[in-house]
Amino acid sequence: MLRYELKKVFGRAGGRIALAILAALLVGASILAVRSVPWVNEAGVEERGFAAIRRLRAAQREWAGPLDEAKLRAVIAENARIAATPEAQSEDWRVSNIAYGWRQGFEPIRELLNCAFAEGFRSFDACRADRLTPDDAPDFYPNRVRLLKDWLAEEGAELFSQPEKDFLIARYEALEAPMEYDYALGWTRLFRYLPTIQMIALLVLGYLVAGIFAGEFQQRADAVLFSSKLGRSRAVRAKVGAGIAIVTLVYWALVGLFTAIVLLCFGADGARCPVQASFEGWKCFYGITNLQKYGLIALGGYLGGLVILLAAMWVSAKARSTALAAMVPFALLFAPSLLLNLSSASVDKVVGLMPYALLDMDTTLSAFNYLYRLAGRVVPSAPLLFALYGALALALPPLLYRTYRRADLT
Amino acid sequence: MELKLENLTKRFRETAAVDGVSCALTEGVYGLLGVNGAGKTTLMRMLCTLLRPTSGAISWNGRDIFALDAEYRAILGYLPQDFGFYPEFSVDDYLGYVASIKGLRPAAARARSGELLRALGLEKYRGRKMRKLSGGMRRRVGIAQAMLNDPRILVLDEPTAGLDPGERIRFRNLISELAGERIVLLSTHIVSDVACIANQILLMKDGRILLRGAPEELTRALPEKVWRCQVGRAELERCLREYRVSNVRTTPGGAELRVLAPEQPLPGAVPEEATLEDVFLHYFGEKGDGEDAAL
Ligand SMILES: Nc1ncnc2c1ncn2[C@@H]1O[C@H](COP(=O)(O)OP(=O)(O)OP(=O)(O)O)[C@@H](O)[C@H]1O
Ligand SMILES: [Mg+2]
């Protein structure tokens, strides 16, 4: 039965075109990801591609290890040495690019210094590291907490309740120093590209599963289905199963292949480093490693996508319209962006629990405004999202089954 | 083996599509005859558990069919009036799928669909996509799917719609072959489809069963007589207006009419043997449905 349900979906030209679109997406995103990182060679010229990635990785891996005071001092000193060279001071960008090339090995650490020694929590100065001396190094970790505290005491004061402030500060203070640092470009590329891939996959999957239930009515095949022995029991379960199987297989094939391609090209180094050890995750208050963050993004996309698509299938079963069902993912994805324009704290909190938040896990994990009170404790959105949508993912299939099998035809 | 309808009624808002139908069906071929909108499809959909009756009950061997649920549907075969299918499925895929939702085991399903495809002359099309089949072939596939589970109750809603005369004759023979130890209920508004194969005719009008009986009984019980008469061109118009005319054949001088009337309508009119078409005309036609009945 399941086999025939899959055949109904992929037998259509539309079904195969949808798969072709996803394959094109995979290839396109892989090329973009590989070409997104330049290596500046000895002549100050940018190179891109596999060889460039290999060189960059070799240069950055030399700085791998605990990000302790000694390493920070070394980076500051080396950075200062390069900054003092005639090449670095040259007005000609082609020449100054040569100096940038020398810095590439420790550039991620230099970016962390820019963050740690920024003027304020929300400001950023791309040249801040150049004005540091090795003696500043011990302030690196304390500064991260201090900037947050200052911000929460001033500009951010209105935005959070006292328990929320305490929660954020406690989370910041919990970061273990020194952090384990490594080249982690494979992971950060994944964090960058996965949300887009997940959303496009969701829209395409919406198109694929929209017809599973409504199609029977539209093709007027419902009468034979519902008058058959298993038409109101196992045949319906097979449909629900086909929907879940399609979502699961297509999603994990796409995400799995993209992950494999990116990690093969960039390397999987830095899996066990905390996310705070790279520029993108510096402000994150979740104590997680790159590998864990990847897991949250991949699983979050799956769970959010599954719930959205189950909702789409429910609309397909209830409204008997493929078009309406295919629009559900659009509505659920784009409603939050309309709401966000209203920009109020309570709207934010709602948006933080919408399925969109699961699909854009990268943003959710660094969002400060998605904090909730639960049994007197402050809880961030990520665990709530997984609990809430995990429950929905379990509750929706039986609901879908009941809705469809009761279809009393008119 | 008894399918019993008791005071069966289905209302759609104010209209009663089926209005207090009571009858019992046992083994045999039943022709459900009625004009468009008589309620045939509505009645059949209730028999196939696709519609819930507004009131009344349907029972199979004394048990309510909606309570029997899957047990009842297991012995049911249904060819809907607008028979839908999956355009991308091949004939084999389609029958394989329907066999699976009917709960047939794969091996049994293959054997059975092979048998049916042979019987229906579809063997060489088994690999062809459903959307590439002609209307007649599709309908044959429709009959094959209905027969897959060797149903005790076979419901065919206008199975001959859209078939050419040759197909129609083949189809009639097929139904006679399929009839056996089962109830076959087939609806049509085309009298000749059921005249010679049905053991029983159910005449349906405005949601009610007007008349029930074997074709010979119905023709015998016709309250009017059938006359053949020659009329000139001048009288033709008037005759068509005044009498129920079941057939007009133009002749060089005017026309030869087949007229239903209690008494001799015109001097020189000759009495004829009544047919089922005349019965149909008597109950349904002023003149309007003569076209259908004549088919
Ligand atoms: N779903 C529905 N909603 C409202 N009215 C309906 C519905 N289905 C049927 N009807 C009405 O019920 C009446 C009987 O319709 P039905 O389709 O049963 O007739 P039928 O005898 O099968 O006609 P045909 O020969 O045209 O197929 C019609 O007046 C029709 O308009
Ligand atoms: Mg009908």
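Just so it is clear: chains get the letters A, B, ... in the order the sequence lines come, proteins before strands, and each one is counted from 1.
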_Gap between atom CD of B:Glu88 and atom CD of A:Gln219 - 0.5 Å precision_ = 9.0 Å
_Within a 6.0 Å radius of atom CZ on B:Arg172, are there more than 12 heavy atoms belonging to other residues, nucleotides or ligands?_
yes
*Is the number of heavy atoms from other residues, nucleotides or ligands within 6.0 Å of CG (B:Asp206) greater than 12?*
no
*Does anything in residues 92-123 of chain B get under 4.5 Å of chain A by heavy atoms, and if so which residues?*
B:Asp93, B:Tyr94, B:Gly96, B:Tyr97, B:Val98, B:Ser100, B:Ile101, B:Lys102, B:Gly103
_Please check if the number of heavy atoms outside A:Arg3 that lie under 6.0 Å from its CZ is greater than 12._
no
*asked:* Heavy-atom cut-off 4.5 Å, strictly under: side chain, backbone, both or neither for B:Glu71 against chain A?
replied: neither
*Compare every heavy atom of A:Lys229 with every heavy atom of B:Ala74, then report the nearest pair and how far apart it is.*
CB-CD, 3.6 Å
*Considering only heavy atoms, which portion of A:Glu216 lies under 4.5 Å from any heavy atom of chain B: side chain, backbone, both, or neither?*
side chain
*Could you pull out the closest heavy-atom pair between B:Phe89 and A:Lys8, with the gap in Å?*
CZ-CG, 3.4 Å
_Tell me whether the count of non-hydrogen atoms from other residues, nucleotides or ligands lying under 6.0 Å of CZ in A:Arg192 goes above 12._
no
*Any chance NZ of A:Lys7 has more than 12 other-residue heavy atoms, nucleotides or ligands included, within less than 6.0 Å?*
no
*If you take all heavy atoms of B:Cys48 and A:Ser227, which pair is closest and at what distance?*
O-CB, 3.7 Å
*Relative to chain B, which segment of A:Arg234 carries a heavy atom at a distance below 4.5 Å: side chain, backbone, both, or neither?*
neither
